[in-house]
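Structure first, then comments.
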Protein chains: 2
Amino acid sequence: MREVTSKIRVIVAEDQGMVLGALAALLETEPDIAVCGKAANGREALTAIAKQKPDVLVTDIEMPEMTGLTLAAEVRDRHPQTRVVILTTFARPGYLRRALDAGAKGYLLKDRPAAELAEAVRRVHRGLRVVDPDLAAEAWDSGPDPLTERERQILWRAGEGKASLEIAEELRLSEGTVRNYLSEAISKLGAANRVDAARIARAKGWL
Amino acid sequence: MREVTSKIRVIVAEDQGMVLGALAALLETEPDIAVCGKAANGREALTAIAKQKPDVLVTDIEMPEMTGLTLAAEVRDRHPQTRVVILTTFARPGYLRRALDAGAKGYLLKDRPAAELAEAVRRVHRGLRVVDPDLAAEAWDSGPDPLTERERQILWRAGEGKASLEIAEELRLSEGTVRNYLSEAISKLGAANRVDAARIARAKGWL
DNA sequence: AATCGCACATGACAGATGTCATCACCAACT
DNA sequence: AGTTGGTGATGACATCTGTCATGTGCGATT
């Protein structure tokens with residue numbers, strides 16, 4: 001008869017305190033999982049990981065101070081024994097691609113059934129991957145991010161409602177240059193205008 | 001010695017399945033609280049409430065089919081014995097105002113510490129209110145929603161990146177009329193342009 | 001009856017946006 | 001050396017946006 005193995009030790013990172021506590025409570029109901037740390041941002045998570053050496057990190061993407069994607073890359077580099085599961089609201093192929101590039105082994109959406117979280121933790125602990133097949137296919141189909149870094153910076157600001165002149169001053173460019181970049185981004189994304197382009201880019205995870 | 005009272009019976013409504021399960025797990029760790037139902041949208045919640053007659057409903061705002069605000073008003077009208085706690089991501093004074101108008105007894109933000117959820121459930125069960133004082137003050141200071149219904153409909157679309165002509169066709173108005181409405185909304189909100197106006201209105205909970 | 005606010009409209013005009021052509025510089029690649 | 005792509009620029013022009021004036025109709029209020 002095989003020996004009873006110890007529990008899977010998990011750290012959870014999530015900037016909304018109540019969701020953080022709730023996710024920890026959810027995982028703690030599993031007999032084979034133990035939550036050994038909670039973090040409210042990426043920086044706290046790194047500190048906790050260095051101290052606790054968990055088997056798995058479950059992290060959101062959009063957090064202050066350090067995004068979950070940056071955190072995943074740091075964990076891959078500094079703590080390769082800790083496997084990372086991204087848990088996010090956003091079904092964005094660009095986010096998925098960047099998550100996998102950053103070394104994440106799982107990418108789970110918050111709108112999935114609750115039981116899938118523990119199952120994902122078990123699977124990545126065993127060395128398997130957990131990615132929604134539909135989202136993976138969409139990431140494949142949508143191709144790579146067509147925006148250059150400058151276009152992204154400018155489009156982001158335009159999507160926030162900033163005028164071309166305002167963006168130009170902020171980035172120390174001429175207004176004509178900003179308009180050229182915006183026009184290029186609008187064309188690449190097949191959008192009607194700058195706001196539409198920003199919306200499309202966000203939906204794809206490119207912004 | 002006072003008699004041990006029964007547990008507070010709670011239903012949770014939240015469209016993200018994993019967060020729903022996690023919140024239920026969190027509440028179930030409290031010895032004096034029992035989760036007697038979970039719902040993925042407002043309609044399911046109403047059905048569950050009719051059947052279970054819970055003491056408290058904890059609900060998100062942005063859900064498909066029926067928002068938490070509409071749900072709260074329905075619960076006030078049809079099940080006055082069930083007290084409502086709104087649990088949301090958005091610190092928007094307009095949402096708070098509408099929540100209280102709809103009969104909610106609590107308005108809690110998801111970025112608060114996890115322990116506050118159970119405490120809020122206990123307090124509203126006792127007939128007390130739970131509202132963040134800073135948010136209440138902000139709701140008071142920002143005054144009522146200055147937008148007319150038509151302005152709101154048009155501003156929402158403009159904020160999505162739609163052109164004036166497109167909005168005009170969609171709402172069967174002339175383009176000039178749409179521009180007039182937009183100009184009025186921009187002016188009322190002290191915004192620089194339509195995107196800025198939509199952002200401000202969203203932050204206030206008016207959109 | 002008079003007034004007010006909202007909904008809806010037309011028209012004129014100034015400023016912003018988006019497109020397009022054209023150009024220079026630089027780093028990376030063939 | 002030649003090519004490619006990114007960055008940055010100017011200028012011209014068509015279209016869109018936002019403002020403003022002015023107007024009508026309707027329901028609610030005074």
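Protein chains get the first letters and strands the later ones, always in sequence-line order, with residue 1 at the start of each.
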Rounded distance in Å - [atom1] ([X]) to [atom2] ([N]):
| X | N | atom1 | atom2 | answer |
| --- | --- | --- | --- | --- |
| I154(A) | dT17(C) | CD1 | C1' | 14 Å |
| L165(A) | dT10(D) | CG | P | 13 Å |
| I167(B) | dC8(C) | CD1 | P | 14 Å |
| K162(A) | dT17(C) | NZ | P | 13 Å |
| E175(B) | dG11(C) | CD | P | 13 Å |
| E184(B) | dA21(D) | CD | P | 12 Å |
| L171(B) | dC8(C) | CG | C1' | 12 Å |
| E149(B) | dG5(C) | CD | C1' | 15 Å |

> Quick one: the side chain of N193(B) and the base of dT17(C), do they pair up donor-acceptor inside 3.5 Å?
Replying inline: no
> Could a donor-acceptor pair under 3.5 angstrom be found where the side chain of N180(B) meets the base of dC8(C)?
Replying inline: no
Quick one: is [N] close enough that its OP1 or OP2 comes under 4.0 Å of any side-chain N or O from [X]?
| X | N | result |
| --- | --- | --- |
| T148(B) | dC6(C) | no |
| S174(A) | dT10(D) | yes |
| S164(A) | dT17(C) | yes |
| R150(A) | dG8(D) | yes |

Between [options], spot the one nearest the side chain of [X], thanks.
| X | options | answer |
| --- | --- | --- |
| A163(B) | dC8(C), dT17(D), dT7(D) | dT17(D) |
| S183(B) | dT19(D), dG18(C), dA9(C) | dT19(D) |
| R179(A) | dC6(C), dG18(C), dT19(C) | dG18(C) |
| I186(B) | dC8(C), dT7(D), dT19(D) | dT19(D) |
| R194(B) | dC20(C), dA7(C), dT17(D) | dT17(D) |

>> By the definition side chain to side chain contact (heavy atoms under 4.5 Å, CB included), identify the one residue from N41(B), L87(B), T59(B), L20(B) that meets it with E14(B).
In response: L20(B)
> Do I61(B) and R98(B) touch side chain to side chain, with heavy atoms closer than 4.5 Å?
Replying inline: no
>> With a 3.5 Å distance limit and no angle check, can you tell me whether R157(B) reaches the backbone of Q153(B) through a side-chain donor-acceptor pair?
In response: yes
> Donor-acceptor pair, R78(B) side chain versus L46(B) backbone, under 3.5 Å?
Replying inline: no
> Say you draw a straight line from SG of C36(B) to CG of D55(B); how long is it, rounded to the nearest 0.5 Å?
Replying inline: 8.0 Å
> Which comes earlier along DNA chain C counting from the 5' end, the contact point of T177(B) or that of P146(B), where each point is its nearest nucleotide?
Replying inline: P146(B)
> Starting at the 5' end of DNA chain C and moving along, which residue's nearest nucleotide shows up first, G176(B) or L182(A)?
Replying inline: G176(B)
>> Run R152(A) and D145(A) through salt bridge (Lys or Arg N to Asp or Glu O under 4.0 Å) and show every step you take.
In response: CA-CA 10 Å; R152(A) 191 186 339 281; D145(A) 181 352; 2.5 Å; yes
